[in-house]
Amino acid sequence: MISQNSTIGFIGLGAMGQLMARRLLSSGFPLVVYDHTSRKTVMLATKGAVAAPSVRQLARKAEVIISCLPNDEAVLSVYRGPEGVLACAHPGSIVIEISTISPDTSRSLHRMGIERGLQVLDVAVSGSTPAAEQGSLTLLGGGDASAFDSCQPIFSAIAKQYFHMGPSGSGTAMKLVVNALLGVNMQAIAEAVAFGEKAGLNRELLLETLAKTAVIAPAHQGKLLRAEHDDYSPQFPLKLMNKDFRLILEKAGEVGAPMPATAAALQINAARTAVDGDQDFSIVIGEMERLARVHGNSQPTSLISRLKTRAAR
């Protein structure tokens, strides 16, 4: 069983990674961190982490290694090769790979880990930056069940709930299921919002009321309220949703699962990604408003008109 004294190595300090790393630190775990951008490791070093100069050095110092990286290529680059995690980690170490990647890549890492005496778990993360900051993420795990159970102290520090879904690749497969719904539902919401505006509804009232209906999932409620003020600052960037859509459709093609709604949503997502992929994936609301030629094209409601609307209620 992992304990509070177990040294954790954390690779990848992007928007999600740095928040999870901070929670591990605040929970009392000794933490060694690495990111290709050194200033990110320096920031965590001021909070008590040890900055590793390389993946090799991090793997040598850690009992548990966690990685949070943007895509399959980035993940493979830190695990394979003579200076990678798999070659440098001590036998008996546990790897928790939490990036959203192909289930095939997860299974490949698991097989390579077994050859080196390592347990590699794919533990995909469901939730965006607010959930990471609050420690209320959902974790979806694949790999050895006993290794997964031994990591519960780590999971409890960063997540509200965690599920073991089955053998290697099951965690990342479940994440693709979740993100298919996340992305397709956001596209459906964007279309409905643009339709409502074209039908003459007040944008502010439309967004506020829609967010309170039973058809909107909690993951989308906050997106609607932020969209009211045209706030599409990234919590889950559009370019990452675009990447996940492609992973989903690639896997769907392999297993013979028709996903026409997902394929259609990808078209809008990809078009907007080419313009501003760093914005939150909810920017598809603005994209559908643009395509529908909504008057004012998603301009924020003025303070005066908002006050008048509230006074009239």
message: Regarding Arg203 and Asp230, does a basic nitrogen lie under 4.0 Å from an acidic carboxylate oxygen?
response: yes

message: Less than 4.0 angstrom from a charged side-chain N to a carboxylate O is my criterion; do Asp122 and Arg107 meet it?
response: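 Salt bridge flag = no for Arg107 with Asp122.
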
Are any non-hydrogen side-chain atoms of [X] and [Y] less than 4.5 angstrom apart?
| X | Y | answer |
| --- | --- | --- |
| Thr129 | Phe236 | no |
| Val85 | Val95 | yes |
| Pro30 | Asn5 | no |
| Ser54 | Glu83 | no |
| Thr41 | Leu13 | yes |
| Val178 | Leu176 | no |
| Leu121 | Glu97 | no |

Measuring from [X]:[atom1] to [Y]:[atom2], what's the distance to the nearest 0.5 Å?
| X | Y | atom1 | atom2 | answer |
| --- | --- | --- | --- | --- |
| Leu240 | Asn179 | CG | CG | 9.5 Å |
| Leu224 | Thr213 | CG | OG1 | 8.0 Å |
| Leu137 | Ser126 | CG | OG | 8.0 Å |
| Ser168 | Arg111 | OG | CZ | 7.5 Å |
| Gln221 | Ile189 | CD | CD1 | 9.5 Å |
| Ile8 | Leu24 | CD1 | CG | 4.5 Å |

- request: Tell me, with the steps shown, if Asp280 and Arg226 meet side chain to side chain contact (heavy atoms under 4.5 Å, CB included).
  value: CA-CA 10 Å; Asp280 191 76; Arg226 293 172 80 232; 4.1 Å; yes

Do [X] and [Y] land in one hydrophobic cluster if side-chain heavy atoms of ILVMFWY residues count as linked below 4.5 Å?
| X | Y | value |
| --- | --- | --- |
| Met43 | Leu58 | no |
| Leu69 | Ile154 | no |
| Val64 | Met20 | yes |
| Leu118 | Val32 | yes |
| Ile98 | Ile65 | no |

message: Taking CZ in Arg246 as the centre, count heavy atoms belonging to other residues, nucleotides or ligands within less than 6.0 Å. Is the count above 12?
response: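 No, CZ of Arg246 has 12 or fewer neighbouring heavy atoms, counting only those of other groups under 6.0 Å.
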
query: Can you tell me if CD on Gln57 sees more than 12 non-hydrogen neighbours from other groups inside 6.0 Å?
result: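 Above 12, so yes.
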
So, [X] side chain and [Y] main chain: donor-acceptor pair closer than 3.5 Å or not?
| X | Y | result |
| --- | --- | --- |
| Ser99 | Ile101 | no |
| Lys243 | Pro70 | yes |
| Asp144 | Ala147 | yes |
| Asn202 | Leu205 | yes |
| Glu228 | Glu204 | no |
| Arg56 | Cys88 | no |
| Ser26 | Arg22 | yes |

Report all side-chain donor-acceptor pairs from residues 156-164 shorter than 3.5 Å, counting only partners two or more places apart or in another chain.
{"unit_1": "Ser156", "atom_1": "OG", "unit_2": "Gln152", "atom_2": "O", "d": "2.9"}
{"unit_1": "Ser156", "atom_1": "OG", "unit_2": "Tyr162", "atom_2": "OH", "d": "3.2"}
{"unit_1": "Gln161", "atom_1": "NE2", "unit_2": "Thr138", "atom_2": "OG1", "d": "3.0"}
{"unit_1": "His164", "atom_1": "NE2", "unit_2": "Gly143", "atom_2": "O", "d": "2.7"}
{"unit_1": "His164", "atom_1": "NE2", "unit_2": "Gly166", "atom_2": "O", "d": "3.2"}

Results of side-chain contact (heavy atoms from CB on, under 4.5 Å) for [X] - residues two or more places apart only:
| X | answer |
| --- | --- |
| Glu250 | Glu254 |
| Glu287 | Ile268, Arg272, Arg290, Leu291 |
| Met112 | Arg80, Leu86, Ser108, Leu109 |
| Leu206 | Val193, Glu197, Leu201 |

- prompt: Quick one: salt bridge (Lys or Arg N to Asp or Glu O under 4.0 Å) partners of Asp35, sequence neighbours excluded?
  reply: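 For Asp35, no residue satisfies salt bridge (Lys or Arg N to Asp or Glu O under 4.0 Å) once neighbours in sequence are set aside.
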
What is the minimum heavy-atom distance between [X] and [Y], and which atoms define it?
| X | Y | value |
| --- | --- | --- |
| Glu208 | Leu225 | CA-CD2, 4.3 Å |
| Met288 | Ala194 | O-CB, 3.7 Å |
| Ile96 | Cys151 | CD1-SG, 3.8 Å |

With sequence neighbours excluded, tell me which residues meet side-chain hydrogen bond (donor to acceptor under 3.5 Å, both in side chains) with [X].
| X | answer |
| --- | --- |
| Thr100 | Lys175 |
| Arg23 | none |
| Thr105 | Asp72 |
| Gln119 | none |

- request: Verify side chain to side chain contact (heavy atoms under 4.5 Å, CB included) between Cys68 and Ile11, making sure each step is shown before the conclusion.
  value: CA-CA 6 Å; Cys68 182; Ile11 302 170; over 6 Å; no

- prompt: Run the ring pair (Phe, Tyr, Trp, His ring centres under 6.0 Å) check on Tyr232 and Phe281 step by step: do they pass?
  reply: CA-CA 8 Å; Tyr232 300 114; Phe281 79 106; over 10 Å; no

message: Between Lys223 and Ile285, does the side chain to side chain contact (heavy atoms under 4.5 Å, CB included) criterion hold? Intermediate values first, please.
response: CA-CA 10 Å; Lys223 304 297 185 186; Ile285 294 175; 5.5 Å; no

Qualifying ring pair (Phe, Tyr, Trp, His ring centres under 6.0 Å) pairs, either residue in residues 7-53, two or more places apart: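 Qualifying pairs, neighbours excluded: none.
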
- prompt: Any ring pair (Phe, Tyr, Trp, His ring centres under 6.0 Å) pairs touching residues 73-115, not counting sequence neighbours?
  reply: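 Sorted result for residues 73-115: empty, none.
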
field: Thr172 and Ser106: side chain donor to acceptor below 3.5 Å
entry: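 Yes.
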
field: Distance-only side-chain donor-acceptor flag, Ser233 / Gln235, under 3.5 Å
entry: no

- request: Would you check, one step at a time, whether the test side chain to side chain contact (heavy atoms under 4.5 Å, CB included) holds for Asn269 with Leu238?
  value: CA-CA 7 Å; Asn269 188 282; Leu238 183 68; 3.1 Å; yes

